[in-house]
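Everything on this sheet refers to the single structure shown next.
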Amino acid sequence: MSANIKDDRVLALKYRPEKFEDLIGQNTISQTLSLALDSKRLSHAYLFSGLRGSGKTSKPCEVCENCLSAKSGKHLDIIEMDAASNRGIDDIKELIEHTKYKPNIARYKVFIIDEVHMLTTQAFNALLKTL
C-alpha cells in the first residue's frame with residue numbers, strides 16, 4: 001500500500017484473512033470446509049465463532065467470479081445481516097423471505113449473520129426454525 005494512501009479500516013478488516021491458507025488457528029474448520037467444497041457435500045448450515053479478525057468471513061479463492069463479487073460486497077446470493085443493529089423478529093422475517101428464492105448466480109445462497117448473539121429471543125427462535 002502506498003504511503004500516500006490512508007487506510008481507515010479497523011485492524012480486523014485491514015488484516016482479515018482472505019483465503020483458507022491465511023487462517024491462523026482455524027485448521028479444523030478450514031480443512032472441513034475445503035473437503036466439503038471439494039467433494040460438493042456441503043451442509044445446510046455452518047456456525048462459526050471466534051475473535052474479531054479470526055477469519056469467519058474469509059473468501060476461498062479470489063479468482064472466480066463468485067469470490068471476486070463477494071469480496072467487493074456485490075454478490076447477489078450473499079446476504080449479510082448485522083444482528084447487533086437488526087435484532088428483532090421483523091428483521092429475521094425479512095431475512096427468511098430471502099430463503100424462498102433460488103440463487104441468482106451461485107449454486108447456493110449464503111447468509112452471514114454477524115453478532116447473532118444480539119438477536120432477541122423471538123428472533124433467534126425464528127432463525128433456528130429456519131435453519
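These numbers come from a predicted model, not from an experiment. When reading the values below, keep in mind they use all heavy atoms of this one structure, side chains included, and skip hydrogens, waters and symmetry mates.
- Looking at heavy atoms from C-beta onward, Ile92 lies in side-chain contact with Met81 at the 4.5 angstrom threshold.
- Considering only residues two or more places apart in sequence or on other chains, His44 meets the side chain to side chain donor-acceptor pair (under 3.5 Å) condition with none of them.
- Hydrophobic clustering, defined by side-chain heavy atoms of Ile, Leu, Val, Met, Phe, Trp and Tyr closer than 4.5 Å, leaves Leu68 isolated from every other such residue.
- Legend: residues meeting side chain to side chain donor-acceptor pair (under 3.5 Å) with Lys93, ordered by chain and number and at least two apart, are absent.
- Every side chain to side chain donor-acceptor pair (under 3.5 Å) that Asp82 has, sequence neighbours left out, goes to Ser85.
- Not counting sequence neighbours, the partners of Phe48 by the side-chain contact (heavy atoms from CB on, under 4.5 Å) test are Ile29, Leu33, Tyr46, Lys56.
- No continuous path of ILVMFWY side-chain contacts below 4.5 Å connects Ile96 to Ile89, so the two sit in separate hydrophobic clusters.
- For residues 118-131, no residue pair satisfies the side chain to side chain donor-acceptor pair (under 3.5 Å) rule, not counting sequence neighbours.
- The minimum heavy-atom distance linking Ser72 with Ser69 is given by the pair OG-O, 3.0 Å.
- Note on Ile78: it does not cluster hydrophobically with Leu76, by side-chain heavy-atom contacts below 4.5 Å among ILVMFWY residues.
- Rounded to the nearest 0.5 Å, atoms CD1 (Ile112) and CG (Leu95) are 11.0 Å apart.
- Taking every heavy atom of both residues into account, Val116 and Ala83 meet most closely at CA-CB, 3.9 Å.
- Evaluation of the side chain to side chain donor-acceptor pair (under 3.5 Å) rule for Asn86 yields no partner, not counting sequence neighbours.
- Side-chain contact between Ile79 and Val110 is absent, with no heavy atoms from C-beta onward closer than 4.5 Å.
- Annotation for His98 and Lys109: closest pair O-NZ, 2.7 Å, computed over non-hydrogen atoms.
- Under the salt bridge (charged side-chain N to carboxylate O under 4.0 Å, His left out) criterion, no residue pair touches residues 33-47, with sequence neighbours excluded.
- Rounding to the nearest 0.5 angstrom, the gap separating the NE2 atom in His117 from the CZ atom in Arg87 is 9.5 Å.
- Listed by first then second residue, pairs satisfying salt bridge (charged side-chain N to carboxylate O under 4.0 Å, His left out) with a partner in residues 68-78 read Glu18-Lys71, Glu62-Lys71, not counting sequence neighbours.
- By the neighbour-count criterion of 12 heavy atoms within 6.0 Å, atom CD of Glu115 is densely surrounded, having more than that number from other residues, nucleotides or ligands.
- Linking Ile, Leu, Val, Met, Phe, Trp and Tyr residues whenever their side-chain heavy atoms come within less than 4.5 Å places Leu128 and Phe111 in a single cluster.
- Applying the salt bridge (charged side-chain N to carboxylate O under 4.0 Å, His left out) test to Lys100 and every residue at least two apart in sequence or in another chain returns Glu97.
- Hydrophobic clustering, defined by side-chain heavy atoms of Ile, Leu, Val, Met, Phe, Trp and Tyr closer than 4.5 Å, leaves Tyr101 isolated from every other such residue.
- Within the hydrophobic cluster formed by Ile, Leu, Val, Met, Phe, Trp and Tyr side chains joined at under 4.5 Å, directly or through other members, Met118 stands alone, with no partner residue.
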Evaluate Gln31 against Leu35 for side-chain contact (heavy atoms from CB on, under 4.5 Å), listing each step before the verdict.
CA-CA 6 Å; Gln31 182 180 20; Leu35 292 172; 4.0 Å; yes

